[in-house]
Structures are given as C-alpha cells and as structure tokens.
Amino acid sequence: MTLLESGMAVTLRQLLATPYVMHVRPVQDEQGTWLRRAEYPELEDCYAIDASPWTAMDALDEHLMGYLVDRLAAGGDVRVPRPARRGVDVERHVDEAGFGPLRKFLDVEVDRLRGDEEFAARVRELRSRQASVDTQEGMKV
C-alpha cells in the first residue's frame, strides 16, 4: 500500500522528496550492443538507457521531477510508496531542474494538483520552454 492509497495527504514537496528504489540492469539493443537501463520500477515507464550505468542513473534522476509533474498535470496517478526524505532542499532541486515557477505549488496536496488546469498550464509552458532550449542547444552542436 502506498501513502496515497492509505488516504494520507501528500504535498508536491513531499512527492518530490520521496525516495524511490532504483534498479540498474544490462539490456541489449537491436544491434546486440550492451547498455544499462536505470529505472524506478515503482513508477510506470520511468527509465533511462545509456552505455554507462552512471550516465543512465544521472539521466534518470534528471528525468524524475519532470516525470512526476507531467503525470500530475495530465491527471495521472503517481505512486508514493514511502514517506519523504527529511532535510531535502526541494526548492533548490526544483530551481536546478528548471521548474522554479512550480514553487508556488509545493505545499499543495497532490490530489488537488492532479488535473488542476493552472498547474497543468504552468507545466506545459515550462516543458515547452525546456524543449525549445534543448532544440537550440542541439543546433549548436
């Protein structure tokens, strides 16, 4: 049973400080090259693949916040399998990940954010801006 299933109120701050179990395993691509897949098995389709296990783990950590806010903005469920870690500077992590405009939602309960139009619009705007920056950076290479 997860915290959400138990009926406990969980805020976005607590969700973003939740420690998820990470698994890293070898996988082969279509050409037979061995890669490493880092995943959070408690979160559906939350994974990263790279030749280096460390790069895959870093990419997965970078992907986690976006995964969680995207799911909430779309009205989807997120698993909260255990209490948040104490002492996590969530504001700093939110800022570093480019989600600073979501700070105003940190103390709002996850159930209230799920499908909330203002939250969803803010997430879409941020993701659009991030995609634009990623595209521009890709063109510089």
Side-chain angles (χ1 to χ4, degrees), residues 1-31 33-141:
M1 175 181 290
T2 69
L3 293 179
L4 286 178
E5 291 166 345
S6 72
M8 292 183 63
V10 176
T11 65
L12 181 59
R13 177 186 308 279
Q14 292 168 313
L15 175 66
L16 297 178
T18 298
Y20 290 96
V21 173
M22 182 189 291
H23 290 175
V24 180
R25 62 187 172 94
V27 295
Q28 277 185 300
D29 66 10
E30 297 81 29
Q31 292 78 32
T33 304
W34 284 101
L35 304 168
R36 301 302 179 270
R37 176 182 168 118
E39 63 188 339
Y40 291 119
E42 297 164 320
L43 300 172
E44 183 181 333
D45 292 326
C46 189
Y47 65 90
I49 298 175
D50 193 86
S52 161
W54 296 277
T55 303
M57 289 186 294
D58 288 345
L60 181 59
D61 278 340
E62 290 176 19
H63 174 64
L64 179 61
M65 187 176 303
Y67 172 90
L68 294 171
V69 299
D70 288 345
R71 295 273 303 197
L72 287 176
D77 290 328
V78 292
R79 290 193 45 122
V80 184
R82 60 197 56 81
R85 292 173 289 163
R86 296 179 195 191
V88 175
D89 187 351
V90 173
E91 285 87 353
R92 182 176 61 86
H93 291 296
V94 165
D95 290 344
E96 287 175 354
F99 290 98
L102 298 182
R103 281 175 136 216
K104 75 179 247 176
F105 299 101
L106 287 177
D107 295 311
V108 177
E109 291 178 14
V110 168
D111 283 337
R112 295 173 74 194
L113 290 177
R114 189 178 296 119
D116 178 88
E117 188 49 45
E118 180 187 0
F119 179 73
R122 190 69 58 95
V123 170
R124 282 190 305 270
E125 177 185 326
L126 287 170
R127 297 306 253 169
S128 175
R129 202 176 307 146
Q130 289 170 342
S132 175
V133 168
D134 290 346
T135 301
Q136 290 173 1
E137 288 177 358
M139 287 191 281
K140 292 178 185 175
V141 174

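Using a 4.5 Å cut-off on side-chain heavy atoms (C-beta onward), Leu15 and Leu72 make contact. Using a 4.5 Å heavy-atom cutoff, the side chains of Val21 and Arg82 are in contact. Looking at heavy atoms from C-beta onward, Gln14 lies out of side-chain contact with Val80 at the 4.5 angstrom threshold.
Looking only at atom types and distance, the side chain of Tyr20 has no donor-acceptor partner in the side chain of Asp61 under 3.5 Å away.
The distance from the CZ atom of Arg71 to the SG atom of Cys46 is 9.5 Å, given to the nearest 0.5 Å. A distance of 12.5 Å separates CG of Leu102 from CZ of Arg13, quoted to the nearest 0.5 Å. Between the OG1 atom of Thr18 and the CG atom of Leu68 there is a distance of 8.0 Å, given to the nearest 0.5 Å. Atoms CG and CG, from Asp77 and Asp111 in turn, are 8.5 Å apart once rounded to the nearest 0.5 Å. Distance check, rounded to the nearest 0.5 Å: CG of Leu60 to CG of Asp50 gives 12.0 Å. Remark: Asp58 CG to His63 NE2 distance equals 14.0 Å, nearest 0.5 Å.
The heavy-atom pair separating Arg36 from Pro26 by the smallest distance is CD-CA, 4.0 Å. What you find for Ala48 and Ala59 is that their closest heavy atoms are CB-CB, 3.8 Å.
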Q) Could you walk me through whether Asp116 and Arg122 pass the side-chain contact (heavy atoms from CB on, under 4.5 Å) check? A) CA-CA 10 Å; Asp116 178 88; Arg122 190 69 58 95; over 6 Å; no
Q: Carefully, step by step, assess Leu64 and Leu43 under the rule side-chain contact (heavy atoms from CB on, under 4.5 Å).
A: CA-CA 9 Å; Leu64 179 61; Leu43 300 172; 3.5 Å; yes
Q: Given side-chain contact (heavy atoms from CB on, under 4.5 Å), test Val90 with Leu12 step by step and report yes or no.
A: CA-CA 10 Å; Val90 173; Leu12 181 59; over 6 Å; no
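With sequence neighbours excluded, the residues that form a side chain to side chain donor-acceptor pair (under 3.5 Å) with Glu118 are Lys104. Listed by chain and number, the residues in a side chain to side chain donor-acceptor pair (under 3.5 Å) with Glu125 are Arg129 (sequence neighbours excluded).
Without hydrogens or angle criteria, Arg114 side chain to Gly76 main chain gives a donor-acceptor distance under 3.5 Å. Remark: the backbone N or O of Asp45 is not paired with any side-chain donor or acceptor of Tyr67 at under 3.5 angstrom. Distance alone, capped at 3.5 Å, places no donor-acceptor pair between the Arg37 side chain and the Ile49 backbone. Arg103 places no side-chain N or O within donor-acceptor distance of the main-chain N or O of Val94, the cut-off being under 3.5 Å.
For residues 68-117, every residue pair satisfying the ring-ring contact (aromatic ring centres under 6.0 Å, His included) rule, not counting sequence neighbours, is listed here: Phe105-Phe119.
For Arg112, the CZ atom counts as loosely surrounded, since its 6.0 Å shell holds 12 or fewer non-hydrogen atoms of other residues, nucleotides or ligands.
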